[in-house]
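First comes the structure, then the notes that go with it.
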2 protein chains.
Amino acid sequence: MVAADPLSQVFAALADPTRRDIVARLAVRDATVTELAAPYPVSVQAVSKHLKVLEDAGLVSRRREAQRRPVHLEAEVLDLTTKWLERHRRRAQARYRRLDALLASMPDEPGAGTGTAPGATAGSTDPGAGP
Amino acid sequence: MVAADPLSQVFAALADPTRRDIVARLAVRDATVTELAAPYPVSVQAVSKHLKVLEDAGLVSRRREAQRRPVHLEAEVLDLTTKWLERHRRRAQARYRRLDALLASMPDEPGAGTGTAPGATAGSTDPGAGP
DNA sequence: GACCCGTTCAACCATCTGGTTGACAAAGCA
DNA sequence: TGCTTTGTCAACCAGATGGTTGAACGGGTC
């Protein structure tokens with residue numbers, strides 16, 4: 001693995017329905033690998049791989065307990081993605097509001113200028129720059 | 001493509017940093033494919049593919065405008081993922097609180113009766129909390 | 001009509017991913 | 001001391017993914 005950025009790892013980890021289901025079940029209680037694997041029609045090894053993906057993303061941790069390896073959900077990491085989503089959803093909504101105001105303020109203008117909005121054109125590539 | 005469930009598609013779409021950056025920029029304003037492609041060291045075709053992924057996930061829409069295809073962010077779809085994340089984070093936090101209360105209420109009890117806690121989960125999947 | 005611009009389609013390639021099976025390590029139980 | 005349970009590691013395979021290049025299409029402009 002090429003050590004992708006954390007956000008990508010978390011999103012990628014949650015992009016698989018089996019892994020999402022595992023997370024959902026771990027949100028209720030910790031569980032061992034065999035317990036987690038039981039409901040799925042796949043081998044235990046496959047589930048172990050899924051857990052490795054979740055662990056690399058920081059979403060779960062495993063402790064040693066005799067020969068069992070109980071898996072524990074690290075719920076705070078979910079906040080990382082939530083924050084990203086919220087930031088951009090809010091930003092988009094703010095824009096809609098601004099657009100509404102703009103449209104309300106101008107009487108009518110024939111079609112030409114729609115795409116070339118005032119201000120910058122494709123400037124900031126940085127997704128992390130917060131307000 | 002095998003028509004994966006919407007949630008998986010959205011998460012998978014956001015698992016790529018380039019696509020996430022595109023979403024971030026579209027949250028500020030609509031843009032054409034070439035505008036979007038400009039900052040990245042990849043071909044326009046590659047960006048067009050990324051946009052197809054985002055479109056299949058319902059995250060963006062394209063309208064026809066002369067020979068341009070301005071891309072527009074559909075921000076509501078982000079709520080889908082936010083809701084999923086919030087639900088499970090809240091569930092996990094509720095569990096921690098419950099566990100705290102449980103630990104506070106019992107002095108100490110070696111393994112046996114742990115799984116039969118009141119109300120919660122009775123699944124006995126949780127191997128006792130042995131230090 | 002000829003031409004250019006913006007965009008997509010098609011074919012190809014390297015790599016990643018999710019799954020399999022088989023072997024093996026670690027810890028408890030007979 | 002074996003034997004069973006639990007879990008991981010390794011090798012392998014089919015299919016998806018992200019990238020490339022080259023060709024084609026749709027629509028203005030000359």
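So you know, we letter chains A, B, ... as the sequences are listed, proteins then strands, and number each from 1. Since the structure is predicted, the reported quantities are computational estimates derived from the model, not experimental observations.
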**Study point:** Backbone N/O of A:Pro70 and side chain of A:Thr32: donor-acceptor pair under 3.5 Å
**Key:** no
Check your understanding: At under 4.0 Å, does any side-chain N or O of A:Thr34 touch on OP1 or OP2 of D:dG7?
Key -> yes
Check your understanding: For A:Asp30, which of A:Arg63, A:Arg62, A:Arg69, A:Arg68 qualifies under salt bridge (Lys or Arg N to Asp or Glu O under 4.0 Å)?
Key -> A:Arg63
Review point. Once you round it to whole Å, what is the distance between P of D:dG26 and CD of B:Glu65?
Key: 19 Å
Review point. Near DNA chain C, which residues from residues 44-51 of chain A have a heavy atom under 4.0 Å away?
Key: A:Gln45, A:Ala46, A:Lys49, A:His50
Exercise for review: Would you kindly give the CZ-to-C1' distance between A:Arg19 and C:dC16, to the nearest whole Å?
Suggested key: 12 Å
Give each protein N/O atom lying under 3.5 Å from an N/O atom of nucleotides 2-5 of chain D, with the pair distance.
none

Exercise for review: Could you walk me through whether A:Thr82 and A:Leu85 pass the side chain to side chain contact (heavy atoms under 4.5 Å, CB included) test, one step at a time?
Suggested key: CA-CA 5 Å; A:Thr82 306; A:Leu85 291 162; 5.6 Å; no
Review point. Can you check salt bridge (charged side-chain N to carboxylate O under 4.0 Å, His left out) on A:Lys83 and A:Glu86, steps first, answer last?
Key: CA-CA 5 Å; A:Lys83 285 211 180 74; A:Glu86 275 303 299; over 6 Å; no
Review point. Starting at the 5' end of DNA chain D and moving along, which residue's nearest nucleotide shows up first, B:Pro41 or B:Arg64?
Key: B:Pro41
Check your understanding: Has the side chain of A:Arg19 got a donor or acceptor atom that lies under 3.5 Å from a matching backbone atom of A:Ala13?
Key -> yes
Exercise for review: Look at all strands and tell whether B:Thr18 reaches a base, only sugar-phosphate, or nothing, counting heavy atoms closer than 4.0 Å.
Suggested key: nothing
Practice item. Measure the distance from NZ on A:Lys52 to P on D:dA10 and round it to the nearest whole Å. Key: 11 Å
Point to revise | Below 4.0 Å: OP1/OP2 of D:dT8 and any side-chain N or O of A:Arg62 | key: yes
Exercise for review: Could you tell me whether the side chain of A:Arg25 and the main chain of A:Leu36 form a donor-acceptor pair under 3.5 Å?
Suggested key: yes
Revision key, fill the gap. For residues 63-83 of chain B, the ring-ring contact (aromatic ring centres under 6.0 Å, His included) pairs (sequence neighbours left out) are A:Tyr96-B:His72
Exercise for review: Give the rounded distance in Å between these two atoms: CG of B:Asp56 and P of C:dT8.
Suggested key: 12 Å
Practice item. Rounded off to whole Å, could you give me the CG-to-C1' distance for the B:Asp16 and C:dT15 pair? Key: 14 Å
Exercise for review: Nearest whole angstrom, please: distance from the P of C:dG18 to the CG of A:Leu14.
Suggested key: 12 Å
**Study point:** Sugar-phosphate, base or nothing in reach of A:Ser43, heavy atoms under 4.0 Å
**Key:** base
Review point. For A:Leu51, which of A:Asp56, A:Leu59, A:Val71 qualifies under side chain to side chain contact (heavy atoms under 4.5 Å, CB included)?
Key: A:Val71
Review point. Within the structure, does a side-chain N or O atom of B:Arg68 lie under 4.0 Å from either OP1 or OP2 of D:dG28?
Key: no
**Study point:** Nearest-nucleotide pick for B:Val53, side chain only, options being C:dT20, D:dG18, D:dT8
**Key:** D:dG18
Point to revise | Pairing of B:Glu55 and B:Lys52 as salt bridge, 4.0 angstrom limit | key: no
